[in-house]
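Numbering of residues begins at 1 and proceeds along the displayed sequence. On a predicted model such as this, the values are computed, not experimentally measured, just so you know.
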Amino acid sequence: MCVGISSDLLYPPGEARALAALLPNGRYAELDSPFGHDAFLVDVGALDALVRPFLVESGFLADTDSLAA
């Protein structure tokens with residue numbers, strides 16, 4: 001799974017989207033945040049909401065596990 005951040009100027013969302021398209025079973029999600037490249041450090045709850053379903057579906061995380069403790 002590749003996650004792009006809407007305001008990321010260092011790694012624009014289009015690059016993450018293109019990478020996801022190249023990966024077998026690749027998936028792309030976008031975090032809408034004003035915090036740029038640091039959004040994954042600030043918007044942990046929003047990132048968790050994007051990534052958790054993928055991890056559960058892939059079997060890497062039990063449905064009851066918590067990423068954002």
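The CG atom of Asp38 sits 9.5 Å away from atom CG of Leu10, with the distance rounded to the nearest 0.5 Å. How far CG of Asp8 is from OG of Ser6: 9.0 Å, rounded to the nearest 0.5 Å. Note that CD of Glu30 is 9.0 Å distant from OG of Ser7, once rounded to the nearest 0.5 Å. Between atom CZ of residue Phe54 and atom CE of residue Met1 there is a gap of 6.5 Å, rounded to the nearest 0.5 Å.
Across all their heavy atoms, Val3 and Leu50 have their closest contact at CG1-CD1, 4.2 Å. Heavy atoms only, all atoms of each residue included: Ile5 and Gly36 are closest at CG2-O, 3.3 Å. Closest approach of Cys2 to Ala16, counting heavy atoms only: CB-O, 3.6 Å. In terms of heavy-atom proximity, Ala46 sits nearest to Leu31 at CB-CD1, 3.3 Å.
No donor-acceptor distance shorter than 3.5 angstrom exists from the side chain of Ser33 to the backbone of Ala39, with no hydrogens or angles considered.
When side chains are defined from C-beta on, Arg52 counts as touching Leu61, because their heavy atoms get closer than 4.5 Å.
The number of heavy-atom neighbours closer than 6.0 Å to OH of Tyr11, taken from other residues, nucleotides and ligands shown, is 12 or below. Atom CG of Asp32 sits in a sparse spot, with 12 or fewer heavy atoms from other residues, nucleotides or ligands closer than 6.0 Å.
Linking Ile, Leu, Val, Met, Phe, Trp and Tyr whenever their side-chain heavy atoms come within less than 4.5 Å puts Val51 and Phe60 in one cluster.
Under the 4.0 Å criterion applied to side-chain N and carboxylate O atoms, Arg27 and Glu57 are assigned as salt-bridge partners.
Phe35 belongs to a hydrophobic cluster whose other members, connected by ILVMFWY side-chain contacts under 4.5 Å either directly or through intermediates, are Val42.
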